[in-house]
Amino acid sequence: VTVLALFDDATVTQAAEARRAGASDALRMPVEAAALIRSLDALSNPRGEVASRKLLAARHRKALTVSYKAADEGFFARRRVAVTTEIGLMEVVLNTEEAFSAGRVLVAEIKLPGEAALKAHLQVSRVEPLPGFGRFQLTLMWSEMRPEERERLRGFVRGLLAKPASAVPV
């Protein structure tokens with residue numbers, strides 16, 4: 001819990017007590033607008049991230065077809081098909097028929113609507129069984145990708161951000 005303690009001349013001793021008790025910051029009243037903004041910014045964003053950094057971690061619900069194989073399976077290995085449930089600039093989530101161990105690298109082609117398939121290497125970061133379905137949910141990090149492919153991914157994700165919310169109730 002983040003706590004901002006406010007004090008004035010009469011309660012200055014209580015500000016020190018509040019800090020010892022765990023208050024994240026303390027400001028003297030009357031508060032200057034600039035000091036309040038700095039304090040609130042530091043409390044809400046302690047690592048000093050910029051908005052674009054936060055957007056990197058965002059994943060968007062989107063079903064796309066993916067063909068993949070493990071990177072160590074060789075050229076003639078059969079490619080399998082999966083469906084994405086979420087996609088973002090840092091990670092993608094797939095529903096697959098098989099589980100892979102964390103750290104394993106997959107070679108994937110993600111079919112983007114109206115474009116050529118996006119080619120990338122993905123590293124498995126988490127595997128979760130989907131009870132009752134006999135399938136697995138893999139969370140994968142983008143591992144290796146040509147610069148032009150990464151730019152296409154950025155454009156696709158920006159397009160997802162730009163679309164207005166649906167007016168149809170879910």
Side-chain angles (χ1 to χ4, degrees), residues 1-64 66 83-96 99-105 108 110 112-113 118 120-133 135-145 147-170:
V1 176
T2 303
V3 176
L4 173 62
L6 300 174
F7 64 94
D8 59 13
D9 293 334
T11 58
V12 72
T13 58
Q14 292 175 344
E17 289 177 36
R19 281 188 181 264
R20 281 194 299 276
S24 306
D25 198 3
L27 294 175
R28 180 182 296 267
M29 296 287 290
V31 178
E32 293 180 20
L36 180 61
I37 290 170
R38 276 194 310 273
S39 180
L40 291 174
D41 185 45
L43 294 174
S44 65
N45 189 5
R47 290 183 272 164
E49 297 171 322
V50 293
S52 61
R53 177 76 178 162
K54 288 181 180 179
L55 290 176
L56 283 175
R59 293 191 313 218
H60 309 278
R61 292 199 178 281
K62 185 70 178 171
L64 301 168
V66 179
V83 176
T84 66
T85 57
E86 297 178 40
I87 189 167
L89 295 176
M90 299 293 288
E91 294 178 320
V92 62
V93 179
L94 303 181
N95 282 346
T96 66
F100 290 95
S101 60
R104 190 118 184 241
V105 176
I110 301 172
L112 300 179
L118 181 71
H121 288 186
L122 305 166
Q123 185 172 18
V124 178
S125 58
R126 187 173 55 224
V127 180
E128 298 175 42
L130 294 171
F133 292 104
R135 297 180 66 83
F136 298 89
Q137 184 176 47
L138 303 180
T139 302
L140 304 120
M141 295 182 302
W142 301 99
S143 161
E144 221 178 285
M145 190 183 305
E148 58 270 19
E149 297 289 315
R150 184 156 311 274
E151 196 54 44
R152 289 180 57 223
L153 173 65
R154 282 189 189 119
F156 180 73
V157 171
R158 274 190 216 113
L160 292 175
L161 286 170
K163 289 185 179 181
S166 172
V168 178
V170 179

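- Between Q14 atom CD and L6 atom CG the span is 12.5 Å, to the nearest 0.5 Å.
- Closest non-hydrogen pair, A99 versus F136, comes out as N-CD1, 3.6 Å.
- Between L4 atom CG and S24 atom OG the span is 8.5 Å, to the nearest 0.5 Å.
- Of all the heavy atoms in S125 and A102, the pair that sits closest is O-CB, 4.2 Å.
- The residue from L130, T84, V66 that alone fulfils the side-chain contact (heavy atoms from CB on, under 4.5 Å) condition with N95 is L130.
- Counting only heavy atoms from C-beta outward, the side chains of V83 and L94 never approach each other to under 4.5 Å.
- Atoms NZ and CD, on K62 and E86 in that order, are 13.5 Å from each other to the nearest 0.5 Å.
- Applying the salt bridge (charged side-chain N to carboxylate O under 4.0 Å, His left out) rule to R19 yields the partners D25; only residues at least two apart in sequence or on another chain are considered.
- The minimum heavy-atom distance linking F156 with P113 is given by the pair CE1-CD, 3.8 Å.
- The distance from atom OG1 of T139 to atom CE of M90, rounded to the nearest 0.5 Å, is 13.5 Å.
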Requested in this report: Could you walk me through whether W142 and V92 pass side chain to side chain contact (heavy atoms under 4.5 Å, CB included), step by step?
Outcome: CA-CA 8 Å; W142 301 99; V92 62; 4.0 Å; yes
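- By the neighbour-count criterion of 12 heavy atoms within 6.0 Å, atom CD of E148 is densely surrounded, having more than that number from other residues, nucleotides or ligands.
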Requested in this report: Please assess L138 against L122 for the test side chain to side chain contact (heavy atoms under 4.5 Å, CB included), listing each intermediate value before the final yes or no.
Outcome: CA-CA 10 Å; L138 303 180; L122 305 166; over 6 Å; no
Requested in this report: List the steps and the verdict of side chain to side chain contact (heavy atoms under 4.5 Å, CB included) for Q137 and V127.
Outcome: CA-CA 6 Å; Q137 184 176 47; V127 180; over 6 Å; no
Requested in this report: Test side chain to side chain contact (heavy atoms under 4.5 Å, CB included) on V12 and R28 and set out the steps.
Outcome: CA-CA 8 Å; V12 72; R28 180 182 296 267; 3.8 Å; yes
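- The side-chain heavy atoms of L140 and V93, taken from C-beta on, include no pair separated by under 4.5 Å.
- Going from atom CG of D8 over to atom CG of L27 covers 12.5 Å, rounded to the nearest 0.5 Å.
- The shortest side-chain heavy-atom distance between S39 and V31 does not fall under the 4.5 Å cut-off.
- The distance from the CD atom of Q123 to the CD atom of E91 is 11.5 Å, given to the nearest 0.5 Å.
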